[in-house]
Amino acid sequence: RVGGGRGRPPGGCGVAGAGAGENVFAANVLRDRFFGASRQIEVAAGNGRLEIETAARGRVDRVRVPGDAIQFINDN
């Protein structure tokens, strides 16, 4: 989950605009739910998935993840 709270990385993650930028990934929407003024989107990005809570209403095909929210985990 992205957006802060229990088990979530720091805030600042979310839907990215059309321009390229640092830590912007192509995303495929897996689930999209609206809850009043907020929206919960589950996307596949790279080899993982993210759950994003946002107020954005437009099309989602790119997500932005700030550097402090990225962790590299060794599989060994």
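- Judged as a side-chain contact (heavy atoms from CB on, under 4.5 Å), and not counting sequence neighbours, the contacts of Asn23 are Phe25, Ile70.
- Residues forming a side-chain contact (heavy atoms from CB on, under 4.5 Å) with Ala26 (at least two apart in sequence, or on another chain): none.
- No chain of hydrophobic side-chain contacts below 4.5 Å, direct or via other Ile, Leu, Val, Met, Phe, Trp or Tyr residues, connects Leu30 to Val65.
- The side-chain hydrogen bond (donor to acceptor under 3.5 Å, both in side chains) search around Asp32 returns Arg39, not counting sequence neighbours.
- Remark: Arg57 pairs with no residue by the side-chain hydrogen bond (donor to acceptor under 3.5 Å, both in side chains) rule, at least two apart or across chains.
- Residues Arg33 and Glu42 are not in side-chain contact: their nearest non-hydrogen atoms beyond the backbone lie 4.5 Å or more apart.
- Considering Ile41, Leu50, Thr54, Val24 as possible partners of Val63, the one that fulfils the side chain to side chain contact (heavy atoms under 4.5 Å, CB included) test is Leu50.
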